[in-house]
Amino acid sequence: MRVQRRFRLSRSEDFKRVRRTGKSYAHPLVVLVTQASETKDRLKIGITAGKTTGTGVHRNRAKRLLREAIRNLIPSIASGWDLILIARPALVTATLADTRSALTNLLKRAKLLSADETPG
RNA sequence: CAGGUUGGUCGGGCAGUCGCGGUCCUGCGUUGACGGGAUCGAGGAAAGUCCGCACUCCUAUAGAGCACGGCGUCGGAUAGCACCCGGGGCGGGGAAGUCCGUCAUUCGUUGACGGGAAGAUCGCCGAAAGGCGUGAACCUGCCGGAAAAGGGCCACAGAAACAAACAGCCCCGCGUUUCGCGGGGUGAUGGUGAAAAGGUGGUGUAAGAGACCACCGGCGCGCACAGUAAUGUGUGUGGCCAGGUAACCCCCGCCGGGAGCAAGGCCAAGCAGGGACGAUUUCGUCUGUGGACGAUGGGAGGCUGCUCGCCUCCAUACGCGCCCAUCCCUCUUGUGGGAUGAGUCAGUCCCGGGUAGGCUGCAUCGAGCGGCGCGGUGACGCACCGCCCAGAGAGAUGACUGCCCAAUGGCGCAUUGCGUCAUGGACAGAAUGCGGCUUAUAGACCAGCCUGAAGC
RNA sequence: CGGGGCGUGGCGCAGCCCGGCUAGCGCACUUGCAUGGGGUGCAAGGGGUCGGAGGUUCAAAUCCUCUCGCCCCGA
């Protein structure tokens with residue numbers, strides 16, 4: 001439910017910290033990096049798309065897809081974690097359903113899905 | 001109407017549900033990972049960064065010289081701009097190749113085969129195919145020093161690449177009579193080359209040559225006319241016949257100080273730095289002084305709910321002494337002496353520069369946008385009315401559904417077309433702002449010009 | 001945002017400033033010789049849209065303009 005800006009990772013240090021010390025889970029469409037948060041009962045999500053994703057339109061497209069896909073999954077995710085979603089080039093041609101199933105797969109592997117039933 | 005060509009406008013629309021960003025307003029027995037409302041929310045290129053500005057700092061209203069760089073036809077437009085608008089000159093395209101399919105390919109294209117449409121226009125020739133000439137609208141490149149201020153270069157070939165020489169031709173002299181040598185004249189005859197000294201005909205001469213003559217060509221100059229001008233047309237000439245290259249150096253004229261919103265301004269954690277304050281108060285003893293020691297008093301902290309009380313720590317520099325660590329010597333082996341090193345104030349306050357970070361610049365007052373009118377061929381200008389119109393930070397525009405619009409394909413009716421189903425939307429995302437240029441771009445609409453045909 | 005550099009056979013580089021010469025060098029590749037065989041060595045050979053397009057010029061890898069891609073640096 002919460003994709004608003006204040007629930008996102010924004011500071012460059014946060015990105016560096018999670019990328020350095022967190023655990024990563026890869027998928028052809030997207031990469032998930034997780035790390036236990038400093039503040040409990042908080043879930044923060046950062047979304048990033050590097051230059052390898054493509055031009056400006058493609059980077060924005062990838063990030064919008066990830067935001068829309070993670071939106072319905074957020075109530076099922078365990079709190080107290082910082083997450084980073086890294087877009088990969090194949091994501092540009094993927095559909096919303098593809099992205100959502102990829103995220104569900106990654107979150108199950110990271111054991112962050114609290115409820116089994118996936119909404120949407 | 002057909003063909004060609006150019007310019008302009010738009011670049012999906014409407015409705016619903018969920019969601020995102022900015023601004024403003026707002027609710028609360030729950031001030032939070034809370035909720036509600038209004039409003040606004042990507043482009044013609046936001047892109048490339050090729051130019052020009054605003055703005056900021058250096059640093060001041062960047063003024064002069066040099067260097068370096070850029071620009072260079074004329075007139076206009078503009079805040080400004082080499083790239084905008086209109087004109088001029090010299091070229092190129094238009095004007096023989098093009099499209100589609102298949103195959104091969106170095107996957108840029110190119111080639112082969114098959115098929116289609118067409119070859120502006122006009123004139124002539126031709127039975128035809130076609131050939132010869134002409135050459136529209138429109139598009140596009142370039143533009144100072146007519147390269148005679150000067151320097152450089154011009155491969156290969158060629159005698160020679162700009163200035164004479166070589167071969168040749170002619171004359172004279174000598175040797176001699178196939179010819180050779182020496183001196184002189186001449187200027188293009190010499191298989192080249194991208195380029196070879198204006199062309200044709202004649203006069204002339206020992207041989208020749210714009211040396212001279214006629215006509216033609218080109219350049220310059222004068223005059224007349226047209227034009228604001230570049231320039232054009234005409235005419236005259238007791239001026240000339242000069243290779244190319246200035247996107248080689250150079251010369252002339254004009255312009256340019258440099259860096260850039262990550263500019264710049266403000267606030268500023270922590271660490272480090274600098275500075276100030278900070279209890280020897282009182283009594284006694286010792287000392288040459290500074291001061292040291294004892295008692296008392298004081299400061300900071302702890303124990304405690306508070307007071308008393310108790311405990312721990314503190315009193316700068318030099319020097320002495322003391323404590324600790326390491327090493328050496330000694331032996332009294334739980335000793336003594338020496339050397340070196342480190343420490344030798346708890347705390348309070350202030351200061352400048354400034355990192356992380358934050359605020360600002362920065363988002364509504366502008367070279368602003370829209371409409372309408374007038375002036376101008378046009379770039380553009382003027383007047384009136386209306387409007388306030390995204391913003392930023394790891395960076396907001398998305399997802400789904402229905403209908404419509406354009407497109408593609410299938411099926412049915414039918415043959416202009418209609419119905420239905422499916423697919424399905426180019427290039428591309430603001431980041432200080434603005435003007436121009438360049439590049440990418442599915443498709444739709446409108447208009448101008450040229451040529452042709454038909455009709456009135 | 002600003003500044004700088006690079007693109008040439010399969011790979012790594014010269015040549016570019018100041019235009020002309022068969023676009024050269026090393027490694028790699030192919031063939032032959034040599035060896036019992038391989039490596040090494042020797043000899044010969046093939047392979048190039050000079051990133052792309054346009055322009056200047058008689059002539060462009062080289063000069064000019066536009067464009068594509070890659071790399072590095074500063075704050």
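Heavy atoms only: backbone and side chains are in, while hydrogens, waters and symmetry mates are out. Residue numbers begin at 1 in each chain, while the letters A, B, ... track the order of the sequences.
The same atom, P, is picked in B/rG4 and in B/rC74; the two are 41 Å apart, to the nearest Å. For the C1' atoms, the distance linking B/rG429 with B/rG114 amounts to 48 Å, nearest Å. Going from the P atom of B/rU192 to that of B/rG217 covers 31 Å, rounded to whole Å. Here the separation of B/rA268 from B/rA356, taken at their P atoms, is 16 Å to the nearest Å. Rounded to whole Å, the separation between the P atoms of B/rC71 and B/rG87 comes to 26 Å. B/rG412 and B/rG116 have their C1' atoms separated by 31 Å, given to the nearest Å. The same atom, P, is picked in B/rU439 and in B/rA426; the two are 23 Å apart, to the nearest Å.
Atom-to-atom, CZ of A/Arg59 to P of B/rA430 comes out at 8 Å; the value is rounded to the nearest Å. Between A/Arg67 atom CZ and B/rC20 atom C1' the separation is 7 Å, expressed in whole Å. Between A/Glu68 atom CD and B/rG21 atom C1' there is a gap of 15 Å when expressed in whole angstrom units. Spacing between atom CG of A/Leu73 and atom P of B/rC18 amounts to 20 Å, rounded to whole angstrom units. A/Leu65 has its CG atom 15 Å from the C1' atom of B/rC20, to the nearest Å. Per the geometry, NZ belonging to A/Lys44 stands 12 Å off C1' belonging to B/rA394, to the nearest Å. Taking atom NZ of residue A/Lys63 and atom C1' of nucleotide B/rG393, one finds them 12 Å apart after rounding to whole Å.
Counting only heavy atoms from C-beta on, A/Arg71 has its side chain closest to B/rC18 among B/rC18, B/rA394, B/rU397.
B/rU307 makes up no base pair with any nucleotide shown, lacking Watson-Crick or G-U wobble contacts both under 3.5 Å. Within the shown strands, B/rG373 is the pairing partner of B/rC382 under the Watson-Crick or G-U definition, both distances less than 3.5 Å. For B/rA422, the paired base is B/rU408 (Watson-Crick or G-U wobble, both distances below 3.5 Å). B/rA440: no Watson-Crick or G-U partner with both key distances under 3.5 Å is found in any strand. In this entry B/rU177 has no Watson-Crick or G-U wobble partner, no candidate having both defining distances under 3.5 Å. The partner of B/rG190 is B/rC166, by the rule that a Watson-Crick or G-U pair needs both atom distances under 3.5 Å. Taking a pair to require two hydrogen-bonding distances under 3.5 Å in either a Watson-Crick or a G-U wobble arrangement, B/rG398 pairs with B/rC18. Under the Watson-Crick or G-U wobble criterion, with both distances below 3.5 Å, B/rA128 has no partner in any strand shown.
The OH atom of A/Tyr25 lies 15.0 Å from the NZ atom of A/Lys108; values are rounded to the nearest 0.5 Å.
A/Asn105 meets the side chain to side chain donor-acceptor pair (under 3.5 Å) test with no other residue; sequence neighbours excluded.
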Quiz item: How does RNA chain C look in dot-bracket notation if pairs are Watson-Crick or G-U with both distances under 3.5 Å, crossing ones as [ ], other-strand ones as |?
Solution: ((((((((.[[[[.)....(...]]]].(((((.......))))).....[[[[[..)....]]]]]))))))).
Exercise. Show your working on side chain to side chain contact (heavy atoms under 4.5 Å, CB included) between A/Leu107 and A/Leu32 and close with a plain yes or no.
Key: CA-CA 8 Å; A/Leu107 289 170; A/Leu32 171 72; 4.1 Å; yes
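Residue-level contact check: A/Arg61 touches the backbone only, with heavy atoms under 4.0 Å from sugar-phosphate atoms and none from bases.
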Collect all protein-nucleotide pairs involving nucleotides 427-429 of chain B in which both atoms are nitrogen or oxygen and the distance is under 3.5 Å.
unit_1	atom_1	unit_2	atom_2	d
B/rG429	OP2	A/Val57	N	3.1
B/rG429	O2'	A/Asn60	ND2	3.4
B/rG429	O6	A/Arg64	NH1	3.3

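Here the side chain of A/Arg67 pairs no donor or acceptor atom with the backbone of A/Ala62 at under 3.5 angstrom.
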